[in-house]
S.K.: 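For reference, the structure I am asking about is given below.
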Amino acid sequence: MEITLSQPINSEELLWFLSRGYDETIYKVEGKSIYRAFLVDNEKMLVRITPGSLSVKIDWLVGQPDQSVIDFITEWFDLDTDLSGFYALLRADPVLEYMADEYKGLKLAGMPDLFEALCWAIAGQQINLTFAYKLKRRLVERYGDFIDYQDNRYYIFPAPEVLMQADPEELKAMQFSGSKTAYLIHTATAFVDGRISKEMLMALPTEKQLELLTGLKGIGTWTANYVLMKSLRDPGAIPYGDAGLLNALLGHGIISNKKELQDMHALFQRFKGWEAYLVFYLWRSLAIKPVV
DNA sequence: GGCCAGGACTCAA
DNA sequence: TTGAGTCATGGC
């Protein structure tokens, strides 16, 4: 089946971003397609997603076409958002205007699954991304379900019910720190207890969302905003303090050191309503070469 | 070997 | 509310 788009997307940029040299566990990019397994009503599915310019092709390799998977993919790649407002702001900025052409049509790749987004953020706190992906792989391979298909194994992110009961010693043996171990189990427990869910968050205003998230152990300002950006798709979310963000701002000469952030705040002020996209594009700019 | 990594916590002042 | 110390381990 195919999703028809009203705005063209940059599928090459998307595929490149999704596979940008890290060892991702939860999906596989091969050629011009993305492979990902899903669990829908206890049924495991495997799809091949092939983004074009004005359409996204989805093939069910295992299972039957399912609307919830289509919705997930639409959200994952932010297919419905029109970026023209963002590009108008970029073009008005002498330092960042190049992004409007160079990354044109690049959609913010999100993480629709809130639990996965939180776990990923916890795993990635304060460590380099290469190591963070290693931790994620160990976690998913140990606790996640999977589908075997043509010599490949496709993993599904573990459910909170499973992670809640993980043995802390086992997590530590996978090189999760004591803190990360505790945070992961606390977070999984909060999901199982019904203290947090994506639906719950979606019904709240931003301040209450941040309050609920940062009320969980291990979820600080950075993580809370990170998941608002990647999972709730709050266009105004900014992961304050993010190391990559600060480095990108330094690289572009927008700030001159990591402690004086007035110019960063002024920049975001100008990008009201597109802050999350600005962060995503700044992250994107880190990936190939530092822009000096 | 030292600094940094897509931080958060606790505790003191 | 701000700052220092702590956790914890790999990557470069």
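Naming convention: chains lettered A, B, ... in sequence-line order (proteins, then strands); numbering from 1 in each chain.
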S.K.: For the CD atom on A/Glu161, are there more than 12 heavy atoms of other groups (residues, nucleotides or ligands in this structure) within a distance under 6.0 Å?
M.R.: yes
S.K.: With a 4.0 Å heavy-atom cut-off, tell me which residues in residues 214-231 of chain A come close to DNA chain B, sorted by residue number.
M.R.: A/Leu216, A/Lys217, A/Gly218, A/Ile219, A/Gly220, A/Thr221, A/Trp222, A/Thr223, A/Tyr226
S.K.: Any salt bridge between A/Arg142 and A/Glu170, counting N to O under 4.0 Å?
M.R.: yes
S.K.: Find the distance between CG (A/Asn247) and NE2 (A/His252) and round it off to the nearest 0.5 Å.
M.R.: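 If I round to the nearest 0.5 Å, the distance is 12.0 Å.
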S.K.: Is the NZ or CZ atom of A/Arg284 both under 6.0 Å from the centre of the six-membered ring of A/Trp16 and within 45° of that ring's axis?
M.R.: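 Positive - A/Arg284 is close enough to the ring of A/Trp16 and near enough to its axis.
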S.K.: Looking only at atom P, what distance separates C/dA8 and B/dC11, rounded to whole Å?
M.R.: 16 Å
S.K.: Ion pair present between A/Asp78 and A/Lys107, side-chain N to carboxylate O less than 4.0 angstrom?
M.R.: no
S.K.: Detail all sub-3.5 Å separations between protein N/O atoms and N/O atoms belonging to nucleotides 1-4 of chain C.
M.R.:
none

S.K.: Measure from NZ or CZ of A/Arg20 to the centre of the six-membered ring of A/Trp283 and say whether it is under 6.0 Å with the direction within 45° of the ring axis.
M.R.: no
S.K.: Should A/Lys134 be listed as having a side-chain N or O under 4.0 Å from OP1 or OP2 of C/dG11?
M.R.: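 It does, given that an N or O in the side chain of A/Lys134 lies less than 4.0 Å from OP1 or OP2 of C/dG11.
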S.K.: Tell me which donor-acceptor pairs under 3.5 Å the side chains of residues 24-32 of chain A have, and how far apart each pair is, sequence neighbours excluded?
M.R.:
unit_1: A/Glu24; atom_1: OE2; unit_2: A/Ile26; atom_2: N; d: 3.1
unit_1: A/Glu24; atom_1: OE2; unit_2: A/Lys136; atom_2: NZ; d: 2.7
unit_1: A/Tyr27; atom_1: OH; unit_2: A/Leu18; atom_2: O; d: 3.1

S.K.: Both A/Tyr183 and A/Asn128 contact DNA chain B. Taking the nearest nucleotide for each, which residue is further toward the 5' end?
M.R.: A/Asn128
S.K.: Give me the first and last nucleotide of DNA chain B, going 5' to 3', that has any atom under 4.0 Å from a heavy atom of chain A.
M.R.: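 First-to-last contact on DNA chain B, by the 4.0 Å heavy-atom rule, is B/dA5 to B/dT10.
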S.K.: Please work out if A/Arg138 contacts a base, only the sugar-phosphate, or nothing of the nucleic acid, heavy-atom cut-off 4.0 Å.
M.R.: nothing
S.K.: I'd like to check A/Tyr143 versus A/Phe157 (side-chain heavy atoms, cut-off strictly below 4.5 Å). Are they in contact?
M.R.: no
S.K.: Can you establish whether the number of heavy atoms outside A/Lys208 located under 6.0 Å from its atom NZ is more than 12?
M.R.: no
S.K.: With sequence neighbours excluded, tell me which residues meet side-chain hydrogen bond (donor to acceptor under 3.5 Å, both in side chains) with A/Arg91.
M.R.: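 Residues passing side-chain hydrogen bond (donor to acceptor under 3.5 Å, both in side chains) with A/Arg91: none at all.
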S.K.: Residues two or more places apart in sequence or in another chain: which of them pass side-chain hydrogen bond (donor to acceptor under 3.5 Å, both in side chains) with A/Lys172?
M.R.: none
S.K.: Write down the distance separating the C1' atoms in C/dT2 and B/dG6, rounded off to the nearest Å.
M.R.: 24 Å
